[in-house]
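In what follows, chains are A, B, ... by sequence order, proteins preceding strands, each numbered from 1.
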Protein chains: 2
Amino acid sequence: MTALKYSRQREAIKDYLMSTTTHPTADSVYAHIRKDFPRISMGTVYRNLSLLAEQGELQQLPCADGGDRFDANITAHAHFFCSKCQCVLDLDIPEVQGLTQIATTTFNGRIDSQQVVFHGLCPDCLRA
Amino acid sequence: MTALKYSRQREAIKDYLMSTTTHPTADSVYAHIRKDFPRISMGTVYRNLSLLAEQGELQQLPCADGGDRFDANITAHAHFFCSKCQCVLDLDIPEVQGLTQIATTTFNGRIDSQQVVFHGLCPDCLRA
DNA sequence: TTCCCTGCAAACTGTTTGCATCGCT
DNA sequence: AGCGATGCAAACAGTTTGCAGGGAA
């Protein structure tokens, strides 16, 4: 992990992710950043998202639809993925922590409490 | 959902999935089925896996690495995905059902208890 | 005979990489 | 000046699709 050199593009990407509670895909990040950096490329977006995730400055959530989601909220919280509209929501359920404990002891592996993912229909899709 | 016509390829795919507790990717299925059907194509494998999943004869688990896994065990059970070796394990933790309940009430959406996915390091990778 | 299913190849999507150039430090 | 970061385009991997021919009903 060598020192990163400052870049306006990377800062813009991080700022954007810190300003939203949605969980953008690389593509959404690209679409948004393009407003300020019309010539930015997908390569740069992907490279910077990976770099920031490596540095622990954001969480990279691999999702059920294949596309990763990015989250600047790095506190321990579970996620929900809607199998219909593919949105990703935070799921702040304290019980998850306890469950992670239980699972870990019977399981003998290490369970990462930040990466518990529930699937189903989000409130909006359920209502519709 | 129209009636399916019998095909030896599809039966072989289902038989294979019922005979294993690993959670093969489409590619693993292809590799295995090829022993009996050397000319089978990936298109056929993907088509049949989707058909079987549609019929509810197997579970299609979208995974963190992008590749889906397939599971002929359609009883309610959570899964674990190893972020190092990418293996998928069954996680039979009764508490997950309770958690799904809790989550559902505070959440107002529908949580699918068969699709709760934990992430972390599997026992083998943890030991290594 | 009908029409679903197959094998094949081409198309697609999301992501990564090689390279010349740019711009922090 | 040195070297990491950028934009661009080509390469990639996993999956889907169109089509002509084959096989179950």
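Rounded to an integer number of Å, the gap from CD of A:Gln86 to C1' of C:dG14 is 13 Å. What separates CG of B:Asn48 from C1' of D:dT16 is a distance of 14 Å, to the nearest Å. Atom-to-atom, CE of B:Met42 to P of C:dC5 comes out at 19 Å; the value is rounded to the nearest Å. Taking atom CG of residue A:Asp65 and atom P of nucleotide D:dT16, one finds them 12 Å apart after rounding to whole Å. Per the geometry, OH belonging to A:Tyr46 stands 18 Å off C1' belonging to D:dA5, to the nearest Å. Separating the CD1 atom of B:Ile40 from the C1' atom of C:dA9 is a distance of 17 Å, rounded to the nearest angstrom.
Under the rule for a salt bridge (charged side-chain N to carboxylate O under 4.0 Å, His left out), A:Arg39 has no partner lying at least two apart in sequence or in another chain. Shown here are the ring pair (Phe, Tyr, Trp, His ring centres under 6.0 Å) partners of B:Tyr16, two or more places apart in sequence or in another chain: B:His32.
OP1 and OP2 of D:dG23 both lie 4.0 Å or more from every side-chain N or O belonging to B:Gln9. Residue A:Thr44 places no side-chain N or O under 4.0 Å from the OP1 or OP2 atom of D:dA5.
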Polar pairs (N or O, both sides) under 3.5 Å between protein and nucleotides 21-25 of chain C?
| unit_1 | atom_1 | unit_2 | atom_2 | d |
| --- | --- | --- | --- | --- |
| C:dG23 | N2 | A:Lys5 | NZ | 3.0 |
| C:dC24 | OP1 | A:Arg8 | NH2 | 3.4 |
| C:dC24 | O2 | A:Lys5 | NZ | 3.3 |
| C:dT25 | OP1 | A:Tyr6 | N | 3.4 |

Worked verdict on B:Asp90 versus B:Asp71 for side-chain contact (heavy atoms from CB on, under 4.5 Å):
CA-CA 10 Å; B:Asp90 288 327; B:Asp71 190 351; 3.8 Å; yes
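Taking the side chain as every heavy atom from C-beta outward, B:Asp27 and B:Met42 approach each other to under 4.5 Å. Using a 4.5 Å heavy-atom cutoff, the side chains of B:Asp15 and B:Met18 are in contact. A:Leu89 places a side-chain heavy atom less than 4.5 Å from the side chain of A:Cys122. For the pair A:Thr21 and A:Asn73, the minimum side-chain heavy-atom distance is 4.5 Å or more.
Residue B:Asp27 is classed as having no contact, given no heavy-atom separation below 4.0 Å to the nucleic acid. Note on A:Gly67: only backbone sugar-phosphate atoms sit closer than 4.0 angstrom, heavy atoms only; bases stay farther off.
For the contact set between residues 29-38 of chain B and DNA chain D, defined by any heavy atom under 4.0 Å, there are no members.
Within the structure, every pair that satisfies the ring-ring contact (aromatic ring centres under 6.0 Å, His included) test and touches residues 63-95 of chain B, not counting sequence neighbours, is listed here: A:Phe107-B:Phe80, B:His23-B:His79, B:His77-B:His79, B:Phe81-B:His119.
In this structure, B:Thr25 contributes its side chain and B:Arg69 its backbone to no donor-acceptor pair below 3.5 Å. Checking side-chain atoms of B:Arg10 against main-chain N and O of B:Lys5 turns up a donor-acceptor pair under 3.5 Å.
The residue among A:Ser41 and B:Ser50 whose nearest nucleotide of DNA chain D is located toward the 5' end is A:Ser41. Ranked by how close their nearest DNA chain D nucleotide is to the 5' end, A:Leu51 and A:Arg39 are led by A:Leu51.
Comparing the axis of the opening five pairs of the helix from C:dT1-D:dA25 to C:dT25-D:dA1 with that of the closing five pairs yields an angle of 30°, rounded to 10°.
Residues A:Asp68 and A:Pro62 approach most closely at OD1-CA, 3.4 Å, considering heavy atoms.
You'll find a donor-acceptor pair under 3.5 Å spanning the side chain of A:Arg47 and the base of D:dG7, going by distance alone.
If you chain together hydrophobic residues whose side chains sit under 4.5 Å apart, B:Val96 and A:Leu91 fall into the same group.
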